[in-house]
Number of protein chains: 2
Amino acid sequence: MKINQDIKVAVDAVVFGYTENVLKILLIKQKFGTNEDKWALPGGFVKNKESLDEAVSRELKEETGVVANYLEQLYTFGSLNRDERARVISVSYIALINPKNYSLKADTDAIDAKWFAISHIPKLAFDHKEILKKGIERLQAKISYQPIGFELLDLKFPFSDLENLYQTILKKKIDRRNFRKKLLSFKILNETNEFQKNVSGRPAKLYSFNKKKYRELERDGFHFEIKLV
Amino acid sequence: MKINQDIKVAVDAVVFGYTENVLKILLIKQKFGTNEDKWALPGGFVKNKESLDEAVSRELKEETGVVANYLEQLYTFGSLNRDERARVISVSYIALINPKNYSLKADTDAIDAKWFAISHIPKLAFDHKEILKKGIERLQAKISYQPIGFELLDLKFPFSDLENLYQTILKKKIDRRNFRKKLLSFKILNETNEFQKNVSGRPAKLYSFNKKKYRELERDGFHFEIKLV
DNA sequence: ACAAAAGTGTTTTACATACACCCATGG
DNA sequence: CCATGGGTGTATGTAAAACACTTTTGT
């Protein structure tokens, strides 16, 4: 095809993590080379022979060492002056990670990778602030009607973790009793025999998310939904 | 930048129209040149100096003569073999149109443009069937929690048009009384003094969508929502 | 007067909300 | 025994769902 088009295609990911009751995102910084002293979303250019999904996964792995089990396309940013060096469009993604499962050793060692609390994000390169904003909005919308919050928690978690996760992401107060009542009514949580250890106060029973059960219920018309007005 | 990337960027639109109580989409067919005898979503390659949104609007205008007042980015399709001639990624959109407002004279006259009932879609080129599927899903989700259905109707419409629109798109039966009660409780419809003309049965009063009022309510925390279980 | 579609209220049911005290553990 | 967070039930309010007959117009 003889099309006179010179546009580069990149992917970028807003990677969410949740530790110590704080929502965080994963940012990188080039150690050498690049002029700017700014942090950026992990990402990079798509190769000719890889799909978009493959590209994000690869870049994430290369730049941060992280492998996301939840990855969802977010939006494609294509305005003219995103990158001054060339016309670049960015297909963005959101990813959910449990930071405990990975150490950020920054595989390709020219890169610094770090978790930043959502409340203390540094100045970001390009239009990444805008991408992040859209990513947060999507996360808020998505955890309200899909059980994806569990991807951010340990496999076995106390109810309070779930509560705090929702309160943090949606910035709303929860009534603990009603929240628990609702979640249990969905019947997608398994009660384990385990309890928290070494905590102050009464140790909480641990629960796990029953994904298989959820899929079944979903097939039968069940809709997960958590609304915090 | 010295990136060895050879990927072309296209845009495609799933354009919805609604006439005679039937949901339709707008398809095009190249009159000469292209090999395939298949219909396709309107769209084309992005120019170096235009944004993605500008690109869809331009292509829509060029290929079908239509100007969408509602246009929303849908998803970016980027698998390897979408187009056999080259690596092409497609940033897709959905658009809502009232077909009565346009005649499809196919501006660039090498192209045929036609409305197809959603229930009688011909074989589509490339992966456009997949794009269409995602477009329909998005439309169904979106009209459930945003008042975008009005973009498909006349400025003044009888309640029955709204009912039929929702029933058609969501493939669910509506209780007319409850539906009307709910819509009216939102207070985003203006009652006009006009009535249907030349219809069988009792002529219905016409209503119009008060967008300004909706924006105000939205700002105050109101959430539009129509759920048809 | 008949056919066709519009218009209209009430009752029942289910879910969301609001709310406060006792329990288990570690120090 | 005190501090810390975990666990639990009921009453009330509000919105959704179910449901059928009368009205207006054209033929």
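Order of the sequence lines fixes the chain letters, A, B, ..., with proteins taken first and strands second; residue numbering starts at 1 for each chain. Just so it is clear, the values below take in all heavy atoms, side chains as well, and ignore hydrogens, waters and symmetry mates.
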[X]: salt bridge (Lys or Arg N to Asp or Glu O under 4.0 Å) partners, not counting sequence neighbours:
X: B:Lys156; result: B:Glu194
X: B:Asp53; result: none
X: A:Lys187; result: none
X: A:Glu216; result: A:Lys212

What is the distance from [atom1] of [X] to [atom2] of [N], rounded to the nearest Å?
X: A:Lys227; N: D:dT14; atom1: NZ; atom2: C1'; answer: 14 Å
X: A:Glu163; N: D:dG5; atom1: CD; atom2: C1'; answer: 11 Å
X: B:Gln196; N: C:dA5; atom1: CD; atom2: C1'; answer: 9 Å
X: A:Glu225; N: C:dC15; atom1: CD; atom2: P; answer: 12 Å
X: A:Ile226; N: C:dT17; atom1: CD1; atom2: C1'; answer: 15 Å

May I have the list of side-chain donor-acceptor pairs in residues 196-208 of chain B shorter than 3.5 Å, sequence neighbours left out?
{"from": "B:Gln196", "atom 1": "OE1", "to": "B:Ala204", "atom 2": "N", "distance (Å)": "2.9"}
{"from": "B:Lys205", "atom 1": "NZ", "to": "B:Glu191", "atom 2": "OE2", "distance (Å)": "2.6"}

Residues two or more places apart in sequence or in another chain: which of them pass ring pair (Phe, Tyr, Trp, His ring centres under 6.0 Å) with B:Phe224?
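If we apply the ring pair (Phe, Tyr, Trp, His ring centres under 6.0 Å) test to B:Phe224, skipping adjacent residues, the hits are B:Phe186.
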
Name every donor-acceptor pair, under 3.5 Å, that has one atom in a side chain of residues 131-144 of chain A and the other anywhere in the protein, sequence neighbours excluded.
{"from": "A:Arg138", "atom 1": "NH1", "to": "A:Glu72", "atom 2": "OE2", "distance (Å)": "2.6"}
{"from": "A:Arg138", "atom 1": "NH1", "to": "A:Gln73", "atom 2": "O", "distance (Å)": "3.0"}
{"from": "A:Arg138", "atom 1": "NH2", "to": "A:Leu74", "atom 2": "O", "distance (Å)": "2.8"}
{"from": "A:Gln140", "atom 1": "NE2", "to": "A:Ile169", "atom 2": "O", "distance (Å)": "3.0"}
{"from": "A:Lys142", "atom 1": "NZ", "to": "A:Glu72", "atom 2": "OE1", "distance (Å)": "2.8"}
{"from": "A:Lys142", "atom 1": "NZ", "to": "A:Glu72", "atom 2": "OE2", "distance (Å)": "3.4"}
{"from": "A:Ser144", "atom 1": "OG", "to": "A:Gln140", "atom 2": "O", "distance (Å)": "2.8"}

Interface with DNA chain C, restricted to residues 171-192 of chain A and to heavy atoms under 4.0 Å:
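Per residue number, the list reads A:Asp175, A:Arg177, A:Asn178, A:Lys181, A:Lys182.
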
Close approaches to DNA chain C from residues 153-162 of chain A, in residue order (heavy atom, under 4.0 Å):
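Contacting residues: none.
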
Pair listing, side chain to side chain donor-acceptor pair (under 3.5 Å) test, anchored in residues 174-184 of chain A, at least two apart:
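Checked against side chain to side chain donor-acceptor pair (under 3.5 Å) - neighbours excluded - the pairs reaching residues 174-184 of chain A are A:Asn178-A:Lys181.
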
When every nucleotide of nucleotides 22-27 of chain C is labelled 5' to 3' by its protein contacts under 4.0 Å (heavy atoms), B for base, S for sugar-phosphate only, - for none, what sequence of letters results?
-BBS--

Those residues that, when tested against B:Asn21, pass side-chain contact (heavy atoms from CB on, under 4.5 Å) (two or more places apart)
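B:Asn21 satisfies side-chain contact (heavy atoms from CB on, under 4.5 Å) with B:Tyr18, B:Asn164 only.
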
Less than 3.5 Å apart, any donor N or O on the side chain of B:Lys24 or B:Thr19 sitting next to an acceptor on the other?
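Distance-only check passes for B:Lys24 and B:Thr19.
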
Would you check, one step at a time, whether the test ring pair (Phe, Tyr, Trp, His ring centres under 6.0 Å) holds for B:Phe126 with B:Phe77?
CA-CA 11 Å; B:Phe126 310 112; B:Phe77 293 81; over 10 Å; no

